[in-house]
S.K.: 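Okay, here's the structure, questions in a sec.
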Number of protein chains: 2
Amino acid sequence: MVTIYDIAQMANVSAMTVSKVINNTGRISEETRRKVKKVMEELNYIPNSNARSLVLQQTQILSLLITDITNPFYTSLARGAEDGAKQYGYRLLFGNSDEDYAKEKDYVDMILSTRVDGVLFAPAGDLSLKNLEKLRAHNIPFVIMDRAVPGIESDMICGDSKEGARKLVDYLIGLGHRRIALVNGSLDVSTARLRYEGYAEALALQGIPLDETLIIHQNYRDYHADDHLEQLLEQPSPPTAIFAANNVLAVGVIRDLRERGIRVPEDISVVCFDDLDLSSALDPFLTVAAQPAYQFGAMGIQLLVERIRGSSVPESRKVILPSELVIRSSAKPI
Amino acid sequence: MVTIYDIAQMANVSAMTVSKVINNTGRISEETRRKVKKVMEELNYIPNSNARSLVLQQTQILSLLITDITNPFYTSLARGAEDGAKQYGYRLLFGNSDEDYAKEKDYVDMILSTRVDGVLFAPAGDLSLKNLEKLRAHNIPFVIMDRAVPGIESDMICGDSKEGARKLVDYLIGLGHRRIALVNGSLDVSTARLRYEGYAEALALQGIPLDETLIIHQNYRDYHADDHLEQLLEQPSPPTAIFAANNVLAVGVIRDLRERGIRVPEDISVVCFDDLDLSSALDPFLTVAAQPAYQFGAMGIQLLVERIRGSSVPESRKVILPSELVIRSSAKPI
DNA sequence: TTGTATGCGTTATCAT
DNA sequence: ATGATAACGCATACAA
């Protein structure tokens, strides 16, 4: 590896002079600057950012931690984050927790030892508290995305889960549905709780009683119908519509319904949170509350960088990104 | 930040002793080992990997560079890479070139300055040659994924584009189609050339003449029908089937067809390379040559790590991963 | 305008 | 079994 000393030697200057032309700092004569640059070219010199990080006490690395790389929502978010990081001149260290607290912890340790300048954190759920506290204890700035974590105050950028859920359920009610099932994520995830609340409120507003037998809680990323769906469908008065708390669950539900010969939306309506991108482009079928996933990532980076650079940034800022009801054809009047 | 010196002081030992217990190297008495570990716990010590990288001359970081984070093929590949990296104890630096050589170059520079131990490289196309040569010149190991780059010898893991294309077109011919269009990627991408060849061979084998007016070349990730599709459909003898060279193109084609009121597969059949994951789960519609995307990433990491660690690895190894014809309903007999 | 000394946090080498 | 010293590649403070 060629170092500044190598090029210093070849250019007949000191290493410091080289460092200065690299960083455009201090006063250097045009002549030596050119001379040094020429040698750098010839030797294919590339600065060692590890050494740089060590002395500068900053890495120019940001970490992105998401919970499901398979979910188009997070994929789009990652794209926004990636674009943002590039724009601000940061490198992106990538992690995927698979909605798993243990994996998340491993990544936090990795993040810490890497001394990243900040992290864009999509928590697996409420138990992410410990992991976030660890980051906080080590003074590394972060912005939380998508899901709030009780007990942690920080910059945050979330969707409006409650409102989105309400819109979705309102829409179903408007279609004449009264027996509306909820296939939800785990209740230790804030969005699942909020979507549940939105669901409940929408029902209450129309005087429709909440029926717990119509509610299933699952993990957001592993949909297994198992007996759950069975139990849902085989009750005396089965649902005429299903609200799936995210896209992955919706796909699982619809697949399982079809396997049982139940048609969507003819036999049962289905709506969900988050869009499907390519899938929706192929076949505009699923009616959804679409969130601006790309914005989550892009704005997340922006907040994070402002926090890192910014002495001016006051207390923690919360951004709520609205979701949009996109009506397609997976739900129909009863 | 707490360093080994801090904990050395608190534990009344030298920094070296601390280093040794951290790395389990050298001989340390059980007693001091316990004492040191205890202090590390108390002080929440986290090793600084930058300092470590500097002296060890290796970072334990791998870089993953893909061309389209929006494409499920690369998303799944990334997932495989991420799992693999974790398994082997590497961190993953993530990059997305957007099929853009300039962005790719930027990432290569970033990769170089990061001194990553190796890179998993999905080239944008033939002009990636320069970027790969740069990596090579700096002695950083890489394995090329998905697309070959003429002029570069290296470990590589590709799909069987020619064979997959042949299967797809054969299938269409078997359905009675004779006028089969090809919506292809750019010809400076090896897979596009190979898919073209497979297409041509399948036709030739059945004595069907190749008609250049049935062939469109596009960028793999930006499908714009524009006049292309127009021109395809408005000729005297329009195609009865379309072979799209990848999933993104297929989605674009189908969307545009539908906008014109042309039904798939009733009016025209469509097949393509690469599956759509979630979309296919929702609606098993598109007939495809599916590639084991996850394997690309997982095996890629494996080859890469073997190359990095392995003195035993001989010349460059090529892995060809087969694709599977998945027949669904986007193509039907003429 | 340019160079010298020092330190960033860690590990390897070699003593003790 | 443990410790002192140097080195990794770079940048800051200060001198010249």
Side-chain angles (χ1 to χ4, degrees), chain A residues 1-37 39-40 43-61 109-117 138-140, chain B residues 1-37 39-40 43-61 91 109-110 112-117 138-140:
Chain A
M1 274 295 94
V2 16
T3 75
I4 53 172
Y5 286 95
D6 298 322
I7 86 149
Q9 192 171 359
M10 284 223 36
N12 279 317
V13 294
S14 80
M16 268 323 82
T17 306
V18 176
S19 175
K20 281 171 188 159
V21 340
I22 291 175
N23 299 295
N24 265 317
T25 161
R27 315 239 143 274
I28 299 276
S29 75
E30 257 321 303
E31 193 191 334
T32 51
R33 159 167 280 116
R34 249 198 304 280
K35 189 172 55 179
V36 168
K37 288 210 163 180
V39 177
M40 294 200 319
L43 264 50
N44 281 317
Y45 171 73
I46 308 259
N48 182 326
S49 25
N50 293 305
R52 210 154 188 287
S53 298
L54 195 56
V55 30
L56 256 26
Q57 299 284 57
Q58 51 156 322
T59 52
Q60 294 293 110
I61 297 181
D109 288 341
M110 181 200 88
I111 283 167
L112 252 15
S113 78
T114 304
R115 304 289 195 266
V116 303
D117 293 344
H138 286 269
N139 274 316
I140 115 107
Chain B
M1 277 294 95
V2 16
T3 73
I4 52 173
Y5 283 94
D6 299 322
I7 86 148
Q9 192 171 359
M10 285 222 37
N12 279 318
V13 294
S14 79
M16 263 323 76
T17 307
V18 177
S19 175
K20 279 172 188 157
V21 340
I22 291 175
N23 299 294
N24 266 316
T25 161
R27 317 240 142 271
I28 300 276
S29 76
E30 258 319 303
E31 192 192 333
T32 50
R33 158 167 281 117
R34 250 197 303 280
K35 188 171 57 179
V36 167
K37 287 210 166 181
V39 177
M40 295 201 316
L43 265 51
N44 280 317
Y45 170 75
I46 308 261
N48 183 326
S49 28
N50 294 304
R52 210 153 188 286
S53 297
L54 195 56
V55 31
L56 255 26
Q57 298 284 56
Q58 51 156 324
T59 53
Q60 293 294 109
I61 297 181
R91 295 169 281 172
D109 287 341
M110 181 201 86
L112 253 13
S113 77
T114 304
R115 303 291 195 265
V116 302
D117 293 344
H138 286 269
N139 274 317
I140 114 107

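Naming convention: chains lettered A, B, ... in sequence-line order (proteins, then strands); numbering from 1 in each chain.
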S.K.: Once you round it to whole Å, what is the distance between P of C:dT2 and CD of A:E31?
M.R.: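 After rounding, the gap between these two atoms is 8 Å.
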S.K.: Measuring to OP1 and OP2 of D:dA4, would you say a side-chain N or O of B:Y5 lies under 4.0 angstrom away?
M.R.: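 For B:Y5, the contact criterion (side-chain N or O under 4.0 Å from OP1 or OP2 of D:dA4) is not met.
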S.K.: Output all residues satisfying side-chain contact (heavy atoms from CB on, under 4.5 Å) with B:L54, sequence neighbours left out; order by chain, then residue number.
M.R.: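 side-chain contact (heavy atoms from CB on, under 4.5 Å) list for B:L54, sorted by chain: A:N48, A:A51, A:L54.
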S.K.: When the distance from CD of B:Q60 to C1' of C:dT11 is rounded to whole Å, what number comes out?
M.R.: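 In whole Å, C:dT11 C1' lies 14 Å from B:Q60 CD.
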S.K.: Considering only heavy atoms, which members of residues 15-25 of chain B lie under 4.0 Å from some atom of DNA chain C?
M.R.: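 Only B:M16, B:S19, B:N23 qualify.
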S.K.: Does a side-chain N or O of B:T3 approach OP1 or OP2 of C:dG9 to a distance below 4.0 Å, or not?
M.R.: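 For C:dG9, OP1/OP2 do not have a side-chain N/O of B:T3 under 4.0 Å.
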S.K.: Taking side chain as C-beta onward, heavy atoms only, is A:V36 less than 4.5 Å from A:V39?
M.R.: no
S.K.: Can you identify which nucleotide, out of C:dT2, D:dT2, D:dG9, has its nearest atom closest to the B:T32 side chain?
M.R.: D:dT2
S.K.: Above 12 or not: heavy atoms from other molecules or residues under 6.0 Å from CD of B:Q9?
M.R.: no
S.K.: Please state how far atom CZ in A:R27 lies from atom P in D:dC14, giving the value in whole angstrom units.
M.R.: 18 Å
S.K.: Looking only at heavy atoms, what is the nearest atom pair of B:T3 and B:D6, with distance?
M.R.: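 Minimum heavy-atom separation between B:T3 and B:D6: N-OD2, 2.8 Å.
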S.K.: Could you give the CD1-to-P distance, from A:I46 to D:dC8, as a whole number of Å?
M.R.: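 Answer to the nearest Å: 20 Å.
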S.K.: A:T114 side chain to A:V116 main-chain N or O, any donor-acceptor pair under 3.5 Å?
M.R.: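 Such a contact is absent between A:T114 side chain and A:V116 backbone.
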S.K.: How many Å lie between CE on A:M40 and P on D:dC10, as a whole number?
M.R.: 11 Å
S.K.: Would you kindly give the NE2-to-P distance between B:H138 and D:dG9, to the nearest whole Å?
M.R.: 14 Å
S.K.: Please identify each residue that fulfils side-chain contact (heavy atoms from CB on, under 4.5 Å) with A:N23, with sequence neighbours left out.
M.R.: A:S19, A:T25, A:R52
S.K.: Identify, residue by residue, the members of residues 49-57 of chain A with a heavy atom below 4.0 Å from DNA chain C, and return them in order of residue number, or none.
M.R.: A:L54, A:V55, A:Q57
S.K.: Nearest-nucleotide wise, let me know which of B:S14 and A:P47 is further upstream toward the 5' end of DNA chain D.
M.R.: B:S14
S.K.: Whole Å only: how far is the CG atom of B:L112 from the P atom of D:dG9?
M.R.: 15 Å
S.K.: Between B:V18 and B:I4, what is the shortest heavy-atom contact and its length?
M.R.: CG1-CG2, 3.7 Å
S.K.: Would you say NZ of A:K37 has more than 12 non-hydrogen atoms from neighbouring residues, nucleotides or ligands within 6.0 angstrom?
M.R.: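 It does not: A:K37 NZ has 12 such atoms or fewer within range.
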S.K.: Are any side-chain N or O atoms of B:D117 and backbone N or O atoms of B:Q60, one a donor and one an acceptor, separated by less than 3.5 Å?
M.R.: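 Flag set: sc B:D117 to bb B:Q60 pair under 3.5 Å.
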S.K.: Which pairs pass salt bridge (charged side-chain N to carboxylate O under 4.0 Å, His left out) with one or both residues in residues 13-31 of chain A, sequence neighbours excluded?
M.R.: A:E30-A:R33, A:E30-A:R34
S.K.: Note the angle between the end axes of the helix from C:dT1-D:dA16 to C:dT16-D:dA1, five pairs defining each, rounded to 10 degrees.
M.R.: 40°
S.K.: Judged by modelled atom types alone, do A:R115 and A:S53 share a side-chain donor-acceptor pair under 3.5 Å?
M.R.: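 Result is no, nothing qualifies.
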S.K.: Evaluate the criterion side-chain contact (heavy atoms from CB on, under 4.5 Å) for residue pair A:I7 and A:V2; output intermediate values, then yes/no.
M.R.: CA-CA 8 Å; A:I7 86 149; A:V2 16; 3.8 Å; yes
S.K.: Rounded to the Å, how far apart are B:K35 NZ and D:dA1 C1'?
M.R.: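 Checked: the NZ to C1' distance equals 12 Å.
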